[in-house]
Amino acid sequence: MKRKVLLIYTGGTIGMEKDYETGSLRAFDFGNIFEKMPEMKLMECEVFVHPFAKPLDSSDMGPEEWRIIANYIFDNYKKYDGFLILHGTDTMSYTASALSFMLKGLTKPVILTGSQLPIGDLRTDAKENLLTSLYYASLYEQNEAVIQEVAIYFEYKLLRGNRTLKYSAEYFDAYSSPNYPILGQSGVHLKIEKDNLFRCDGRIEFHVDEHISEDVLFWRIFPGMKLNHFKEIPKMKVLILQVFGSGTIFSSEKTLETLQQIRSNGTEIVVVSQCISGGISFGKYENSNIFVKIGAISGKDMTAESAITKAMHLIDNPNYKGSFADNFSRNICGEISELAD
């Protein structure tokens, strides 16, 4: 029996082709993808295509589009064995992270991919990314999906979605998972690292938690920054500070006073690192103790994309018991390392 995969095309470079007369890129009718890629008919799975009515640049993707994707997966969950989302590359890690928190009790593969060059380009990376993603989206063993989480496949690597970041706008190898090993890799043989795969609590029936708040602000700290600007910012529910190294910031009474004032307004402060690899470790250096004093929350080894979407998902979410701080510090779907400090 062939597995059935639902391909959801949202937009992005992968769905474009070059007009060789003008040199410009233009979107093509994704309903004709089988004509563009007849190789898809050779796959050992049945592919069904659902394109967005209006393809979106990935910079236009946000909470409303995440809800649309999540609910469309829910509506079709029993009809298909796996799901492949074609997405622009610039915000793919945000969408993958958000979906990982929204899709509860997931036991089927949800794979995201895209490309750096259009599918009609002679040197395109789109075909390999698309075909191998279909393989992972339809991979079953003993009637059980091998991948049971939200993942990104790009340039021969399968990565946990909420661990990824886009680190290159130029190279085909555009995505990195600096704090978690790969889930799979394609070469002559397609490999799965089964020990790295996530499994949800099997007692949870699949459903969508579409709660997303936009009351989050992300701010990168830099040397010489005037923290008094924070006093001019309207009250927000969560402020995510991207700080130096393992969790340091310039130490002064003014810094402490400003951050305490933000906290006294009821704002939660989450701290993530500017380093691509590694994470936050309060107490390692003296200049990180200020965050302990104000009751800030360690983002541990989470990516900025994952920390942002996790905060958006947890703020005032009635489906979670306990405090925001406790829930944010908990590993929900593999987004943080259990031993991360």
Side-chain angles (χ1 to χ4, degrees), residues 1-17 27-52 55 69 72-73 75-89 92 95-96 99 103 106-161 172-173 175 182-194 197:
M1 180 184 69
K2 283 190 173 184
R3 296 291 173 180
K4 296 180 179 180
V5 176
L6 178 61
L7 188 158
I8 303 172
Y9 170 64
T10 68
T13 301
I14 195 169
M16 295 184 176
E17 61 184 354
F28 65 82
D29 181 359
F30 214 84
N32 298 326
I33 185 60
F34 294 100
E35 296 177 13
K36 296 288 183 182
M37 286 188 58
E39 303 97 321
M40 290 174 62
K41 297 177 182 178
L42 303 177
M43 296 290 298
E44 294 183 2
C45 63
E46 293 185 70
V47 183
F48 301 82
V49 179
H50 174 74
F52 270 27
I69 295 170
Y72 197 76
I73 290 173
D75 291 341
N76 291 276
Y77 193 71
K78 294 181 179 179
K79 292 169 57 177
Y80 298 98
D81 301 294
F83 301 87
L84 173 58
I85 302 166
L86 300 188
H87 196 289
T89 60
M92 192 188 299
T95 297
L99 290 176
L103 300 176
L106 184 64
T107 58
K108 295 182 179 181
V110 175
I111 313 295
L112 288 88
T113 196
S115 66
Q116 294 286 66
L117 289 176
I119 205 165
D121 195 283
L122 292 175
R123 296 180 54 249
T124 187
D125 55 331
K127 290 188 176 183
E128 198 284 323
N129 286 347
L130 176 52
L131 292 173
T132 306
S133 292
L134 285 172
Y135 171 84
Y136 283 122
S138 60
L139 185 59
Y140 274 65
E141 289 183 355
Q142 297 179 349
N143 211 35
E144 180 180 80
V146 175
I147 311 300
Q148 299 185 17
E149 58 184 288
V150 180
I152 286 179
Y153 178 79
F154 220 87
E155 189 64 7
Y156 308 116
K157 293 182 295 186
L158 185 69
L159 309 171
R160 176 164 298 159
F172 287 145
D173 187 14
Y175 285 87
I182 63 173
L183 306 182
Q185 191 162 15
S186 66
V188 175
H189 302 287
L190 294 167
K191 297 181 179 179
I192 293 289
E193 302 294 338
K194 292 188 177 181
L197 300 177

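Here, residue 1 is the first one in the sequence, and each next residue gets the next number. Just so we're clear, the structure is a prediction, and the values are computed from it rather than from any experiment.
Looking at heavy atoms from C-beta onward, Asn76 lies out of side-chain contact with Phe48 at the 4.5 angstrom threshold. Between Ile73 and Tyr80 the shortest side-chain heavy-atom distance does not fall below 4.5 Å. Under the 4.5 Å side-chain criterion, counting only non-hydrogen atoms from C-beta, Val47 is in contact with Phe34. Using a 4.5 Å heavy-atom threshold, the side chains of Met43 and Val5 count as separate. Here the side chains of Ile85 and Val150 are not in contact, with every heavy-atom distance at 4.5 Å or above. The shortest side-chain heavy-atom distance between Phe154 and Leu112 does not fall under the 4.5 Å cut-off. The shortest distance between side-chain heavy atoms of Leu6 and Lys79 does not fall below 4.5 Å. Considering only heavy atoms from C-beta on, Leu106 comes within 4.5 Å of Tyr77 through its side chain.
Side chains of Tyr175 and Thr113: no donor on one and acceptor on the other come within 3.5 Å. Donor-acceptor pairing under 3.5 Å is recorded for the side chains of Tyr153 and Glu128.
The salt bridge (charged side-chain N to carboxylate O under 4.0 Å, His left out) search around Lys2 returns none, not counting sequence neighbours.
Heavy atoms of other residues, nucleotides or ligands lying less than 6.0 angstrom from OH of Tyr156 number 12 at most.
Here Arg123 contributes atom CZ and Phe172 contributes atom CZ; the two are 4.5 Å apart, rounded to the nearest 0.5 Å. Here the CD1-OH distance, from Ile14 to Tyr9, works out to 8.5 Å after rounding to the nearest 0.5 Å. For the atom pair CD (Glu44) and CG (Leu134), the distance works out to 12.5 Å, reported to the nearest 0.5 Å. Distance CG/Leu183 to NZ/Lys157: 11.5 Å, rounded to 0.5 Å. Separating the NE2 atom in His87 from the OG1 atom in Thr13 is a distance of 11.5 Å, to the nearest 0.5 Å. Atom CG in Leu86 sits 7.5 Å away from atom CD1 in Ile33 (nearest 0.5 Å).
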> Yes or no on side-chain contact (heavy atoms from CB on, under 4.5 Å) for Tyr136 and Ile192, after CA distance, side-chain angles and deciding distance?
Replying inline: CA-CA 9 Å; Tyr136 283 122; Ile192 293 289; 3.3 Å; yes
>> Between Ile69 and Phe83, does the side-chain contact (heavy atoms from CB on, under 4.5 Å) criterion hold? Intermediate values first, please.
In response: CA-CA 10 Å; Ile69 295 170; Phe83 301 87; over 6 Å; no
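Exactly one of Cys45, Ser138, Ser133 qualifies for a side chain to side chain contact (heavy atoms under 4.5 Å, CB included) with Leu84. That residue is Ser133.
Heavy-atom minimum distance, Pro109 versus Ala145: CD-CB, 3.7 Å. The shortest non-hydrogen separation linking Leu197 to Arg160 is C-NH2, 3.6 Å. Here the shortest heavy-atom pairing between Thr124 and Pro118 reads OG1-O, 2.7 Å. Residue Thr132 comes nearest to Ser186 through the heavy atom pair CG2-CB, 4.0 Å, listed as atom of the first residue, atom of the second, then distance. In terms of heavy-atom proximity, Thr107 sits nearest to Gln148 at O-CG, 3.4 Å. Of all non-hydrogen atoms in Ile119 and Met37, the two that sit nearest each other are CD1-SD, 3.3 Å.
Between the side chain of Asp125 and the backbone N or O of Ser115, no donor-acceptor pair lies under 3.5 Å. The backbone N or O of Lys108 sits nowhere less than 3.5 Å from a side-chain atom of Asp81 that would complete a donor-acceptor pair.
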